[in-house]
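Have a look at the structure below before the remarks.
In the text below, chain A, chain B and the rest are named by the order of the sequence lines, each starting its count at 1.
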Amino acid sequence: MTIFNRAAVRHHRERAARSFGDFNFLFTECAERLGDRLLDITRTFPTALDLGCHDGAMARFIPPRSAVETLVHCDLSPAMAGLAQANSGCLAMAGDEEFLPIRDQSLDLVVSNLSLHWVNDLPGAMTQIRRALKPDGLFLAAMLGGETLKELRDALTTAEIEREGGLSPRTSPFAEVKDAGNLLSRAGFALPVADTETITVSYADPLKLMADLRGMGETNAHALRRPSFSRRTTLMRACEIYLEKFATGDGRLPATFEIVYLTAWVPHESQQKPLQPGSGQVSLGTLFLGDDAEVS
Amino acid sequence: MTTHGVDPKLLEILVCPITKGPLDYDRAAQELISRAAGLAFPIRDGIPIMLVDEARELDDSKTKDN
């Protein structure tokens, strides 16, 4: 199924790579949070892939205890891959999450910072990631979730219905956290965990938010999006609605980013797992009543 | 620019994105060649571009010589 126009996703990132340093705050923040999660894991990861790397911020936040010897940045946009390599000095390639060019069982860690929400076939991408990892390899990702930009979407939707008498897909449909855990299991991962955090960014002006989204390369890449720009009057009305409905006491405008974190492991015999039903060696009666319990 | 090649570490983990089969490194042309897919992926500034729409289609006559 094609939800996103991947050529548009790539084009937006190619364009964003030119001045990404001015707009990378959300990626830097999430890279740091992903790094914090790695800090909680005692395993080491000699070979790691940074999938959907953007400017390579992840390289700065992988903790020393993870003992990554080889980090490879990968992005759909060759310009972003080049930027990541220049920033971190690590290896880089251009590659598509939907057609992962990685040998089976060659990686210890795949980390993905705010990129997988633009993938059409998320189960397919997860399966390819699982195959690229060695047994007991870790997949750790942050992606934008369904509450992201709820204020902007509300304002644009309301304005468009009012002014243009119809609706076109405008912001991206995001994954729900409850789906994400299931997808990980279906892709063959063990011990899947999905959880969310909300980051609220405060703006003085909705147009600045839209400019930021463009700078981040996160503007609409919906396959069914309108080819033309919105009418100016519709955009202006959306800004009014944003102010009317969402402005806080100090007149600032909140923009919600919901971050869905995924953690999952490639199955390995060392991992904890439930016992087979019927494999118990001690009866519950003995446990609760002592050795001489008779259970009838 | 083709002054520097691809890092061997990268060559170790890369496969063809379509077939997941092996790639041949053509150092002179700075390309990674997937014979199964009939595609040559360019390497720019040491960065392999593993995108199908950036790849060159191999013509059969040339493939046999290599």
*Does the side chain of Met80(A) come within less than 4.5 Å of Leu83(A)'s, by heavy atoms?*
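Yes; the side chains approach each other to less than 4.5 Å.
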### Query
Side chains of Leu51(A) and Leu100(A): closer than 4.5 Å at any heavy-atom pair?
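A side-chain contact exists here, since the closest heavy-atom pair is under 4.5 Å.
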Donor-acceptor pair, distance only, cut-off 3.5 Å: does the side chain of Asp108(A) make one with the backbone of Thr47(A)?
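Checked: pair present.
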| said: Just so I understand: if I count every heavy-atom pair under 4.5 Å between each of Ile49(B), Asp53(B), Asp7(B), Leu51(B) and chain A, which residue has the most? | reply: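 Heavy-atom pairs under 4.5 Å are most numerous for Leu51(B).
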Query - Which residues share a salt bridge (Lys or Arg N to Asp or Glu O under 4.0 Å) with Arg6(A), sequence neighbours left out - result: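 Result, salt bridge (Lys or Arg N to Asp or Glu O under 4.0 Å) vs Arg6(A): Asp96(A), Glu97(A), Glu98(A).
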Sub-4.5 Å heavy-atom contacts with chain B: which residues of residues 56-74 of chain A show up?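 Checking residues 56-74 of chain A against chain B gives Thr70(A), Val72(A).
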Handout entry: residues 18-31 of chain A: residues contacting chain B (heavy atom under 4.5 Å, by number)
Key =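 Expected list: none.
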Next on the checklist: Would you compute the distance between atom CD of Gln105(A) and atom CD1 of Ile13(B) and round it to the nearest 0.5 angstrom?
Outcome noted: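 The CD1 atom of Ile13(B) is 14.0 Å from CD of Gln105(A), to the nearest 0.5 Å.
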*asked:* Quick check with a 6.0 Å cut-off and a 45 degree axis cone: is Arg33(A) positioned over the face of Tyr261(A)'s six-membered ring?
replied: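 No, Arg33(A) does not sit over the ring of Tyr261(A).
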**Item:** Region of Leu23(B) that comes under 4.5 Å of a non-hydrogen atom in chain A
**Value:**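 Nothing of Leu23(B), per the 4.5 Å heavy-atom cut-off to chain A.
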Measure distances from Glu12(B) to the heavy atoms of chain A and classify the residue's part below 4.5 Å as side chain, backbone, both or neither.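 Looking at Glu12(B), just its backbone touches chain A.
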Going by atom types alone, do Thr19(B) and Arg35(B) pair a side-chain donor with an acceptor below 3.5 Å?
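Looking only at side-chain atoms, Arg35(B) and Thr19(B) do not form any donor-acceptor pair under 3.5 Å.
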Are a donor atom and an acceptor atom from the side chains of Gln30(B) and Tyr25(B) found within less than 3.5 Å of each other?
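A pair is found: one side chain offers a donor N or O, the other an acceptor, under 3.5 Å apart.
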### Query
At a heavy-atom separation under 4.5 Å, does Leu49(A) approach chain B through its side chain, its backbone, both, or neither?
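No part of it gets close to chain B.
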Heavy-atom distance under 4.5 Å to chain B: side chain of Leu91(A), backbone, both or neither?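 Contact with chain B: side chain only.
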Taking atom CZ as the centre, does Arg131(A) end up with more than 12 heavy-atom neighbours from other residues, nucleotides or ligands that are less than 6.0 angstrom away?
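No - once you tally the heavy atoms of other residues, nucleotides and ligands closer than 6.0 Å, there are 12 at most.
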TODO: Specify the closest pair of heavy atoms between Ala92(A) and Leu10(B), including all atoms of both residues, with the distance to one decimal.
DONE: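 Here Ala92(A) and Leu10(B) meet closest at O-CD2, 3.6 Å.
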Quick check on side-chain contact (heavy atoms from CB on, under 4.5 Å): which of Val266(A), Val111(A), Leu184(A) does Phe139(A) satisfy it with?
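Answer after filtering Val266(A), Val111(A), Leu184(A): Leu184(A).
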With sequence neighbours excluded, what pairs up with Phe45(A) under the ring-ring contact (aromatic ring centres under 6.0 Å, His included) test?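 Scan of Phe45(A) (ring-ring contact (aromatic ring centres under 6.0 Å, His included), adjacent residues dropped) gives none.
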